[in-house]
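One structure is given below, encoded as structure tokens.
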Amino acid sequence: LYLRLYPEGRHVDVAMRRILERAAWWKQRVETRFGFDPAAECKDITPLLGTLRFGLGSARHPDRAKAVGLIDEIRWRCQRP
């Protein structure tokens, strides 16, 4: 929500760094070799990822595209059978 309301705000760098850190962690986590069960876990995180991606929409940060890409990959992995 912060990025949506204040796309050039004082804390955008911190918010973006945290998003990138968590997205990278989730990207690794959503592989079945780590015991990830898409049927059980994706139903909880997919709506949150959509909200987060929407929030990044107006952010003006050099890493915005990278964050959106990570989120999209996590969502894609959740949609795989």
Side-chain angles (χ1 to χ4, degrees):
L1 183 60
Y2 177 82
L3 292 174
R4 194 78 174 154
L5 294 174
Y6 307 103
E8 296 181 36
R10 175 181 295 180
H11 305 289
V12 169
D13 288 335
V14 173
M16 189 63 68
R17 185 179 72 241
R18 292 194 64 185
I19 290 168
L20 287 170
E21 288 171 358
R22 299 312 300 164
W25 184 85
W26 271 104
K27 182 182 170 196
Q28 291 179 345
R29 182 81 179 117
V30 293
E31 296 180 5
T32 54
R33 65 182 174 161
F34 292 112
F36 182 76
D37 179 12
E41 297 182 57
C42 285
K43 67 180 178 187
D44 295 330
I45 65 169
T46 300
L48 300 173
L49 291 170
T51 301
L52 182 58
R53 191 180 193 289
F54 178 75
L56 287 168
S58 61
R60 295 181 184 152
H61 193 276
D63 290 330
R64 180 193 165 279
K66 182 178 180 181
V68 168
L70 285 169
I71 291 167
D72 286 347
E73 185 163 344
I74 295 165
R75 290 172 71 184
W76 177 80
R77 289 183 184 189
C78 279
Q79 294 171 356
R80 287 192 316 193

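No experiment lies behind these values; they were computed from the predicted model shown.
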Notebook entry, point to check: Roughly how far apart are Ile71 CD1 and Leu20 CG, rounded to 0.5 Å?
Noted result: 8.5 Å
Margin query: Give me the atom names and distance for the closest heavy-atom approach of Ala59 to Met16.
Written below: CB-CE, 4.3 Å
Item checked: Spacing of CG belonging to Asp63 relative to CG belonging to Leu70, to within rounding of 0.5 Å -> 10.0 Å
Next item on the list: Over all heavy atoms of both residues, which pair between Ile74 and Ala23 is shortest? Give the atoms and the distance, please.
Entry: CD1-O, 3.4 Å
Check: With the 4.5 Å side-chain cut-off for hydrophobic clustering, are Ile45 and Trp25 part of the same group?
Finding: yes
Notebook entry, point to check: Between Ile19 and Ala67, what is the shortest heavy-atom contact and its length?
Noted result: CG2-CB, 4.1 Å
Item checked: Closest contact, heavy atoms only, Arg77 versus Lys27 -> NH1-O, 2.7 Å
Checklist line | Separation of Arg29 CZ from Arg22 CZ (nearest 0.5 Å) | finding: 11.0 Å
Next item on the list: Identify the two heavy atoms, one from Pro47 and one from Lys43, that lie closest to each other, and give their separation to 0.1 Å.
Entry: CD-O, 3.4 Å
Notebook entry, point to check: If you measure from CG on Asp44 to CG on Leu49, what distance do you get to the nearest 0.5 Å?
Noted result: 11.0 Å
Check: What distance do Leu48 atom CG and Trp26 atom CH2 have between them, rounded to the nearest 0.5 Å?
Finding: 9.5 Å
